[in-house]
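Scroll down for the structure; my scribbles are underneath it.
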Amino acid sequence: MEQCMSEFRVDLMAGKVALVTGGGTGIGKVIARQLGLHGARVAICSRKLEVLEATAAELASEGIECIVFQADIRDIEAVERAVAGTLERWGALDILVNNAAGNFPARIEDLSYNAFKTVADIVLQGTFNVTKAVFTAIMKERGGAVINITAPFEHMGVSWQAHAAAAKSGVISFTRSAAAEWAGLGIRVNGIAPGEIGQTEGVDRLADTLTSETQVRRVGSPEDIANAVLFLASDAAAYISGVNLYVDGGSGVDMLKVPVYE
Ligand code: NAP
């Protein structure tokens with residue numbers, strides 16, 4: 001097993017099974033890797049099988065047990081196959097990370113009706129599809145932790161991002177409702193709202209419309225998000241459910257975005 005660069009105990013996730021949607025690329029890949037380096041067995045799913053397989057091979061070279069499922073999260077049968085396949089292989093599914101999403105910058109006047117629907121279908125409906133499939137197949141009986149990768153779009157409007165902001169706000173609301181409804185079943189449901197995260201295609205695509213000003217004076221890394229996932233998925237967060245945790249370098253609390261101390 002490779003040494004993991006992390007503040008957490010190396011066996012924090014030992015014995016756990018996780019499913020990470022969109023786990024073949026970007027932030028999802030680093031989440032899958034960090035869960036695996038801390039002892040979890042990890043299933044990843046998305047649409048591009050060759051990308052998933054390349055990631056699984058990379059993770060395997062670090063000693064991580066990883067299986068892949070080709071599944072568009074809009075396709076309920078494909079989602080159910082991925083969940084069933086994970087259970088067939090490992091007999092458990094303790095952690096679900098709803099990370100898959102689609103996004104692009106566009107003004108409302110340029111957004112086609114279909115483009116808005118596509119983002120809502122992937123981000124909001126897709127999150128619901130996977131969560132419901134995992135709940136029904138295993139978590140209703142055995143409990144678990146669901147972590148939805150959201151966005152810091154909860155309290156403000158976002159130009160160029162009306163579609164993604166609307167869909168992610170729906171996910172944040174769903175996070176709270178599921179947390180409330182399932183608390184008695186030992187299921188914790190939380191959100192993580194990443195700020196501007198470097199080394200990701202997402203930010204590369206949106207780069208012209210974003211600022212890298214944060215209170216901690218750096219752009220975030222995928223590891224910053226993976227660390228939050230490790231915490232919220234672990235027993236250290238046993239009393240936390242229904243939150244949307246901002247991991248954004250403090251930028252969400254600064255209205256003026258004018259540095260006071262360099
Ligand atoms: P990314 O590299 O574009 O990853 C998106 C992943 O979702 C890909 O692996 C993609 O794989 C998968 N995906 C897309 N549509 C799918 C579908 N219909 N079914 C199944 N999988 C699908 O994005 P990222 O930047 O790492 O972002 C990861 C998460 O963080 C997203 O939820 C994003 O909204 C959130 N976030 C990111 C930032 C940032 O700064 N990057 C900021 C705020 C929030 P396939 O193409 O193979 O399907």
Side-chain angles (χ1 to χ4, degrees), residues 19-34 43-56 58 68-83 96-105 115 117-131 133 147-154 156 158 160-161 163-172 174-175 191-212 214 218-226 228-229 244-249 251-252:
L19 170 62
V20 182
T21 69
T25 65
I27 294 171
K29 176 175 171 179
V30 175
I31 291 170
R33 176 170 185 263
Q34 286 299 330
I44 55 177
C45 72
S46 77
R47 294 164 302 179
K48 299 189 192 100
L49 188 58
E50 66 285 1
V51 174
L52 293 168
E53 283 173 342
T55 294
E58 234 179 89
V68 308
F69 296 97
Q70 185 169 31
D72 186 322
I73 57 172
R74 292 168 292 185
D75 175 348
I76 294 162
E77 282 176 13
V79 166
E80 286 175 346
R81 276 197 299 276
V83 173
L96 166 63
V97 184
N98 283 306
N99 163 82
N103 196 9
F104 47 85
K117 183 178 185 315
T118 300
V119 171
D121 280 350
I122 296 173
V123 172
L124 180 54
Q125 180 77 45
T127 295
F128 171 76
N129 293 345
V130 184
T131 307
I147 293 160
N148 297 325
I149 306 303
T150 61
F153 295 164
E154 202 176 357
M156 287 196 288
V158 196
W160 301 88
Q161 291 286 284
H163 46 316
K168 290 287 191 184
S169 297
V171 173
I172 294 164
F174 176 66
T175 300
I192 293 172
E196 190 179 339
I197 305 301
Q199 310 148 46
T200 63
E201 258 186 61
V203 155
D204 291 349
R205 269 199 305 274
L206 300 169
D208 292 346
T209 62
L210 291 173
T211 164
S212 47
T214 68
R218 69 169 173 83
V219 167
S221 71
E223 283 75 12
D224 288 318
I225 306 306
V229 170
N244 185 39
L245 177 65
Y246 280 42
V247 182
D248 68 348
S251 50

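Start at 1 and go down the list; that is how both ligands and their atoms are numbered.
- Summarising the contacts of atom 24 (P) of ligand 1 with Thr21, Val30, Ile27, the nearest heavy atom is found in Ile27.
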> Between Leu52 and Phe69, does a side-chain contact (heavy atoms from CB on, under 4.5 Å) hold up when you go through it step by step?
Replying inline: CA-CA 8 Å; Leu52 293 168; Phe69 296 97; 6.0 Å; no
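- With distances taken over non-hydrogen atoms, the option nearest atom 13 (N) of ligand 1 out of Ala82, Gly126, Ala71, Ala100 is Ala100.
- Looking at Ser169, its side chain never comes within 3.5 Å of a backbone N or O of Glu154 through a donor-acceptor pair.
- Using a 4.5 Å cut-off on side-chain heavy atoms (C-beta onward), Thr25 and Thr55 make no contact.
- Residues Val20 and Val229 form no side-chain contact, since every pair of their non-hydrogen atoms from C-beta on lies 4.5 Å or further apart.
- Among Ala101, Gly22, Pro194, Cys45, the residue whose heavy atom lies closest to atom 5 (C) of ligand 1 is Ala101.
- For the residues Glu50, Lys168, Gln70, the heavy atom positioned nearest atom 34 (O) of ligand 1 is part of Lys168.
- At a heavy-atom distance under 4.0 Å, no atom of Lys29 approaches ligand 1.
- Residue contacts with ligand 1 do not include Val123, since none of its heavy atoms lies under 4.0 Å from the ligand.
- When side chains are defined from C-beta on, Leu19 counts as touching Val130, because their heavy atoms get closer than 4.5 Å.
- Heavy atoms of Ile149 come nearer than 4.0 angstrom to ligand 1 in at least one pair.
- In terms of N/O distances under 3.5 Å, ligand 1 is approached by Asp72.
- At least one N or O atom of Ile73, backbone or side chain, sits closer than 3.5 Å to an N or O atom of ligand 1.
- Near Arg74, meaning under 4.0 Å from one of its heavy atoms, ligand 1 places the atoms 18 (N).
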>> Evaluate Lys29 against Ile44 for side-chain contact (heavy atoms from CB on, under 4.5 Å), listing each step before the verdict.
In response: CA-CA 8 Å; Lys29 176 175 171 179; Ile44 55 177; over 6 Å; no
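- Between Ile76 and Glu80, the closest side-chain pair of non-hydrogen atoms falls below 4.5 Å.
- Contact atoms of ligand 1 toward Ile122: 15 (N), 18 (N) (distance under 4.0 Å to a heavy atom of the residue).
- Using a distance-only test at 3.5 Å, with no hydrogens or angles considered, no donor-acceptor pair links the side chain of Asp248 to the main chain of Pro194.
- Comparing Ile225, Thr25, Asn98, Thr55 by heavy-atom distance to atom 9 (O) of ligand 1, the nearest is Thr25.
- Ligand 1 lies less than 4.0 angstrom from a heavy atom belonging to Gly195.
- Residues Asp224 and Arg218 have side chains in contact (heavy-atom distance under 4.5 Å, counting atoms from C-beta outward).
- Interface of Gly26 with ligand 1, defined as ligand atoms under 4.0 Å from a residue heavy atom, comprises 2 (O), 26 (O).
- Considering both main-chain and side-chain atoms, Ile197 comes within under 3.5 Å of ligand 1 through a nitrogen or oxygen pair.
- In terms of the side-chain contact (heavy atoms from CB on, under 4.5 Å) criterion, residue partners of Ala193 (sequence neighbours excluded) are, by chain and number, Thr150, Pro152, Asn244, Tyr246.
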